[in-house]
Trainee: 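This structure is in structure tokens; I'll ask about it shortly.
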There are 2 protein chains.
Amino acid sequence: MLSKKTKYGIKALVHLARQKDRVPVQISTISKTENISQKFLESILLTLRKNGLLGSKKGKGGGYYLLKDPKEIPMTTVMRLLEGPIAMVPCVSLNFYEKCDDCLDEDACAVNKLMLKVRDNTLEIFRNTTLADLSN
Amino acid sequence: MLSKKTKYGIKALVHLARQKDRVPVQISTISKTENISQKFLESILLTLRKNGLLGSKKGKGGGYYLLKDPKEIPMTTVMRLLEGPIAMVPCVSLNFYEKCDDCLDEDACAVNKLMLKVRDNTLEIFRNTTLADLSN
DNA sequence: CTTTTACCCTATGGATTTAGTAGGATAATG
DNA sequence: CATTATCCTACTAAATCCATAGGGTAAAAG
């Protein structure tokens, strides 16, 4: 299940991508138009900024803005940042790999086999979908 | 993230599918060979039985056995039973649909659009993968 | 230089889910 | 009737989620 954090994060990014210029948008504006708790959104935008997706400006006329062209932001980046691993099990994760404790032979594991297929497909979708695609 | 419940459930089902005859296999046997906590596995097999996937036999020589041909058991069934919705958000779920509180227009929602694609792909994999496929 | 605006940061807490455990009831076999 | 093995309910420690609280800091306006 997708966390609200990720869901809100994507919505906020789309909101910013739809902005014509790079004019900063205030948290309160996004919060209201997207129906997101302002304080919660604040923490989400903060992590997006800390990870290089967003820039911010303080004081009057301040707010958040995208640092890159929406075309250059694939959903893999966003998902890994907010949601974590894309794979459903750590043993098939590219960026968050972990061995299973219970599983002796990974290659013989049915769950591994199945979830590898799912990951490959999901990954391809996220790779080929950019923020620009979602903003139209 | 896939729950251990689902993971263990799949492993147990594969174990039973690999059994030549329909001879009942005891919980303790599965528990040992698959490295699963016996009591936890007990509750998983119970729900699989209550939902028509497994049959059981009590007393000496008892245990669990598949009720159908592994070829006739698609992973959609198993996933929905143990894990719940296949979709990452309720608003794109076929069997567990729920409207979002924050989202006014579902068709205009970027998250909806993206997750619909993911669901379609994942669903097709689970539909086309049967227990028999995982047991080879 | 003071006030207002708006982001920055940490801590805390309620609700829910997860991954079991405990302990006995029930039914079948020999 | 003793043994075996499933059946069933209840409980719990730990983790995660979704916030909220409360102030701190920087920038701009006047």
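Being a predicted model, the structure only gives us computed values, none of them experimental. Reckoned from all heavy atoms, side chains included, excluding hydrogens, waters and symmetry mates. Chain A is the first sequence line, chain B the second, and so forth, proteins listed ahead of strands; every chain is numbered from 1.
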Trainee: Give the rounded distance in Å between these two atoms: NZ of A:Lys58 and C1' of D:dT25.
Mentor: 5 Å
Trainee: Whole Å only: how far is the CG atom of A:Asn35 from the P atom of D:dA19?
Mentor: 12 Å
Trainee: Can a salt bridge be assigned to the pair A:Asp102 and B:Lys4 using a cut-off of 4.0 Å between side-chain N and carboxylate O?
Mentor: no
Trainee: Toward the 5' end of DNA chain C, which comes first, A:Lys50 or B:Gly59, by nearest nucleotide?
Mentor: A:Lys50
Trainee: Which listed nucleotide (D:dT20, D:dA28, D:dT6) is nearest to the side chain of A:Lys57?
Mentor: D:dA28
Trainee: May I ask you to say what B:Leu45 touches in the nucleic acid, namely base, sugar-phosphate or nothing, with a heavy-atom cut-off under 4.0 Å?
Mentor: nothing
Trainee: OP1, OP2 of D:dT6 versus side-chain N and O of B:Arg49: anything below 4.0 Å?
Mentor: no
Trainee: Using only atom types and a distance under 3.5 Å, with no angle test, would you say the side chain of B:Asn112 pairs donor to acceptor with the backbone of B:Ala108?
Mentor: no
Trainee: Quick one: which of D:dA29, D:dT6, D:dC8 gets closest to the side chain of B:Ser56?
Mentor: D:dT6
Trainee: Write down the distance between CD (B:Gln38) and P (D:dT4), rounded to a whole number of angstrom.
Mentor: 14 Å
Trainee: Do A:Glu83 and A:Ser3 pair up side chain to side chain, a donor and an acceptor below 3.5 Å, judged on atom types alone?
Mentor: yes
Trainee: Hey, which sits more toward the 5' end of DNA chain D by its nearest nucleotide, A:Lys39 or A:Lys60?
Mentor: A:Lys39
Trainee: Return the value, rounded to whole Å, for the distance between atom CE of A:Met1 and atom C1' of D:dC18.
Mentor: 15 Å
Trainee: How would you label the contact of A:Lys4 with the nucleic acid (heavy atoms, under 4.0 Å): base, sugar-phosphate, or nothing?
Mentor: sugar-phosphate
Trainee: How close or far is atom C1' of D:dC17 from atom CG of A:Leu82, stated in whole angstroms?
Mentor: 14 Å
Trainee: Starting at CZ of B:Phe40 and ending at P of D:dC8, how long is that distance when rounded to a whole Å?
Mentor: 18 Å
Trainee: For DNA chain D, whose closest nucleotide is more 5', that of A:Glu42 or that of A:Tyr8?
Mentor: A:Tyr8
Trainee: Name the first nucleotide and the last nucleotide along DNA chain C (5' to 3') that come under 4.0 Å of a heavy atom in chain A.
Mentor: C:dT5 to C:dC9
Trainee: Establish, with yes or no, whether the OP1 or OP2 oxygen of D:dT16 is under 4.0 angstrom from a side-chain nitrogen or oxygen of A:Ser3.
Mentor: no
Trainee: Look up atom CD in A:Glu42 and atom CD1 in A:Ile30, then write down how far apart they are to the nearest 0.5 Å.
Mentor: 11.5 Å
Trainee: Report the distance from atom OG1 of B:Thr122 to atom CD1 of B:Ile86, rounding to the nearest 0.5 Å.
Mentor: 8.0 Å
Trainee: In a check of side-chain hydrogen bond (donor to acceptor under 3.5 Å, both in side chains) between B:Glu34 and each of B:His15, B:Lys7, B:Lys11, which one passes?
Mentor: B:His15
Trainee: A:Leu2 has an atom CG; how far is it from atom C1' of D:dC17, in whole Å?
Mentor: 13 Å
Trainee: Can you tell me how far the CG atom of B:Leu13 sits from the CG atom of B:Leu131, to the nearest 0.5 Å?
Mentor: 5.5 Å
Trainee: Given atom CD of B:Gln26 and atom P of D:dC7, what is their separation to the nearest angstrom?
Mentor: 13 Å
